[in-house]
Amino acid sequence: MTTPDNARTSQGGLTVDFEDNRLLGALFGDHDSNLARVEQELGVSLTSRGNRLIIGGDSASCERARSILQALYQRVERGEPVGRREVDDAIRLGQDGTAAEGVLIQTRKRAIKPRSPNQIHYARNLMEKELVFGIGPAGTGKTYLAVAAAVNMMLTHQVDRIVLSRPAVEAGERLGFLPGDMRDKVDPYLRPLYDALYDMLPAEQVAKKLETGEIEVAPLAFMRGRTLANAYVILDEAQNTTTVQMKMLLTRLGENSRMAITGDLSQVDLPRGTKSGLREAMEVLRDVEGIAFTWFDAKDVVRHPLVTRIVRAYAGHEQSELFDDGRRTEK
């Protein structure tokens, strides 16, 4: 594998020479769209002349752009696609791009690679720690990566089964008001977990493993009184647990089991005045040996770029409301 064979400093930026001119069309994108994306996100200017790329801007941004373009060039050399998603991932990873190379979660249908520095940290925790918390906004891959780790461990016989759960609440577990049998009642709440499974295993395997109990998808209320041994347990939407429910689930962990807890504290649906079990667990367990926490934020969002801007806007709004409330209290 080769890399841009020459990167030298010029006044106000860097000049980078690429070895194979034929690969630059794929690297630059249609109408140089990939270069335009790098320019927009990093505040640099990119000018191509043959196999040479001139990067203009401050030294730190130029060096970051060079590193990102080098990583993308290596993708093209391997015959892998480079489009908007790959460019955004490379920008998000930045200098951590090389660290991501050693983190790959293999499932039956695809190999899943972390797409941000926090995802790298989280994926390593999922594969190495017995109890992992992933906390942050929607779209950061918390649940998806946890399901991937669980599927990988089941396929490699490190665990015998997967247990996927979430609190079936909008504002309290009122399943009886929904039509149909119990599966009809809980499936709408658990659909994101099914979606992740079908993305990693063939549909017929998912159906078979659900039938045999190798994969179990159930609301949190069904976990009481059980001991979950030889299993990878995932609790999704953990911000909607009460403190009693969270303690109940955590104490279900049995021999040779792993557990991942995911949640977003900005989307608590519990009745007003009820403390989130996830928030309390963060306070109580933060110094307990063997438990790992990963905190995600807006820059880890890997959905549509607009989702990142929405998350940031809401975070800013909530912060300003807290500030205003504080000023009113002082008065």
Query raised in the report: Between Leu193 and Ser165, which heavy-atom pair has the shortest distance, and what is it?
Result: CD1-N, 4.0 Å

Query raised in the report: Taking the six-membered ring for Trp, are Phe133 and Phe293 parallel (under 30°), tilted (30 to 60°) or perpendicular (over 60°)?
Result: parallel

Query raised in the report: Hey, is CD on Glu130 packed in by over 12 heavy atoms from elsewhere, all under 6.0 Å?
Result: no

Requested in this report: List the steps and the verdict of side chain to side chain contact (heavy atoms under 4.5 Å, CB included) for Arg161 and Tyr232.
Outcome: CA-CA 6 Å; Arg161 60 199 177 111; Tyr232 204 116; over 6 Å; no

Requested in this report: Using atom types as modelled and distance alone, determine if a side-chain donor or acceptor of Thr294 lies under 3.5 Å from a backbone N or O of Gly134.
Outcome: no

Report task. Tell me, with the steps shown, if Asn34 and Arg37 meet side chain to side chain contact (heavy atoms under 4.5 Å, CB included). Result -> CA-CA 5 Å; Asn34 294 342; Arg37 184 68 177 160; 5.7 Å; no

Query raised in the report: Going from CG on Leu46 to CG on Leu53, what distance comes out if it is rounded to the nearest 0.5 angstrom?
Result: 5.0 Å

Query raised in the report: Do the side chain of Asp88 and the main chain of Arg85 share a donor and acceptor less than 3.5 angstrom apart?
Result: no

Query raised in the report: Taking Gln239 for the side chain and Asp264 for the main chain, is one N or O donor matched with an acceptor at less than 3.5 Å?
Result: yes

Query raised in the report: Where the side chain of Asn51 meets the backbone of Phe18, is there a donor-acceptor pair that is under 3.5 Å apart?
Result: yes

Query raised in the report: What pair of heavy atoms forms the shortest contact from Met153 to Leu126, and how long is it?
Result: CE-O, 3.9 Å

Query raised in the report: So, Asn240 and Ser276: side-chain donor and acceptor under 3.5 Å apart, yes or no?
Result: no

Query raised in the report: Does any donor atom in the side chain of Gln70 or Arg66 lie under 3.5 Å from an acceptor atom in the other side chain?
Result: yes

Report task. In sequence, state the C-alpha distance, the side-chain angles, and the governing distance for Val163 and Arg252, and then conclude on side chain to side chain contact (heavy atoms under 4.5 Å, CB included). Result -> CA-CA 11 Å; Val163 179; Arg252 300 307 95 199; over 6 Å; no

Query raised in the report: Checking Asp32 side chain against Leu35 main chain: does a donor-acceptor pair fall under 3.5 Å?
Result: no

Requested in this report: Could you note down all residue pairs passing salt bridge (charged side-chain N to carboxylate O under 4.0 Å, His left out) where residues 281-296 supplies at least one of them, sequence neighbours left out?
Outcome: Lys275-Glu283

Query raised in the report: With no hydrogens and no angle check, is any side-chain donor or acceptor of Ser257 less than 3.5 Å from a backbone partner on Leu228?
Result: yes

Query - Check: Asp30/Ser33 side-chain N/O donor and acceptor closer than 3.5 Å - result: no

Query - Closest approach of Gly50 to Leu24 (non-hydrogen atoms, all atoms of both residues) - result: O-CD1, 3.5 Å

Query raised in the report: Any sub-3.5 Å donor-acceptor pair from Glu86's side-chain atoms to Gly83's backbone N or O?
Result: yes

Query - Between Tyr144 and Asp199: side-chain donor-acceptor atoms closer than 3.5 Å - result: yes

Query raised in the report: Between Cys62 and Leu14, which heavy-atom pair has the shortest distance, and what is it?
Result: O-CD1, 3.6 Å

Query - Under 3.5 Å side-chain donor-acceptor pair for Asn118 and Ser116 - result: no

Query raised in the report: Given Arg226 and Glu216, is the salt bridge (Lys or Arg N to Asp or Glu O under 4.0 Å) satisfied, shown in steps?
Result: CA-CA 13 Å; Arg226 302 178 59 184; Glu216 179 183 353; 2.7 Å; yes

Report task. Using the side chain to side chain contact (heavy atoms under 4.5 Å, CB included) rule, take Gln205 and Arg108 through it: C-alpha gap first, then chi angles, then the decisive distance, then the call. Result -> CA-CA 10 Å; Gln205 289 190 23; Arg108 190 75 77 198; 3.5 Å; yes

Report summary line: Value for CE (Met127) from OH (Tyr122), rounded to nearest 0.5 Å, stands at 12.5 Å

